[in-house]
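Throughout, residue positions are numbered sequentially from 1 according to the sequence presented. All values derive from a computational prediction rather than experimental measurement.
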Amino acid sequence: MSIKDDLLFDFAITMPRVLVSGRTTVLDNVKKLMLLTDSEIVVFNGQRYTSVTGSDFVVKELKEERMLVSGEVREIRFFKALQENKD
């Protein structure tokens, strides 16, 4: 197993996770792709969302709840979904 594979395996949890190295980004625990442009990616991670903004995004791989993206990352945000009022 390569170092990259070891790192990805060691942190296999159900929370949102983003690994950035140079122009390569790995988003883990992707349940649903919500938005994809060349400057923004938003994914749903189950109970939370992950937003990555930057430039020149190209999806290289999307499988088994993992997305591999190339491009320049400027900002990463994690946020929760709004809960509806149950009254």
(message) Connecting only ILVMFWY residues whose side-chain heavy atoms lie within less than 4.5 Å of each other, what is the rest of Val59's hydrophobic cluster?
(response)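 Val18, Val20, Leu27, Val30, Leu33, Leu36, Ile41, Val43, Val52, Phe57, Leu62, Met67, Val69, Val73, Ile76, Phe78, which link up through side-chain heavy atoms under 4.5 Å apart, make up the rest of the cluster.
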(message) Would you call the rings of Phe79 and Tyr49 parallel, tilted or perpendicular, taking 30° and 60° as the class edges?
(response)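 Correct class here is parallel.
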(message) For Gly46 versus Lys31, what's the shortest heavy-atom pair and its separation?
(response)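 That would be N-CG, 3.5 Å.
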(request) Kindly compute the distance separating CG (Asn29) from CZ (Arg48), expressed to the nearest 0.5 Å. (result)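 The CZ atom of Arg48 is 12.0 Å from CG of Asn29, to the nearest 0.5 Å.
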(request) Kindly compute the distance separating CZ (Arg23) from OG (Ser70), expressed to the nearest 0.5 Å. (result)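 One gets 6.5 Å once the value is rounded to the nearest 0.5 Å.
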(request) Just do the side-chain contact (heavy atoms from CB on, under 4.5 Å) check on Asn45 and Glu65 with the steps written out, would you? (result) CA-CA 9 Å; Asn45 304 104; Glu65 297 187 359; over 6 Å; no
(message) To the closest 0.5 Å, what do you measure between CG (Asp38) and CG (Asp56)?
(response)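 The distance works out to 7.0 Å.
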(request) Could you tell me whether the side chain of Arg66 reaches within less than 4.5 Å of the side chain of Glu61, counting heavy atoms only? (result)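 Heavy-atom side-chain distance check fails, nothing below 4.5 Å.
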(request) Could I get the full list of side-chain hydrogen bond (donor to acceptor under 3.5 Å, both in side chains) partners for Arg77, not counting sequence neighbours? (result)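 Expected list: Glu75.
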(message) Using side-chain heavy atoms (C-beta onward) and a distance below 4.5 Å, is Leu68 in contact with Thr24?
(response)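 Yes, their side chains come closer than 4.5 Å.
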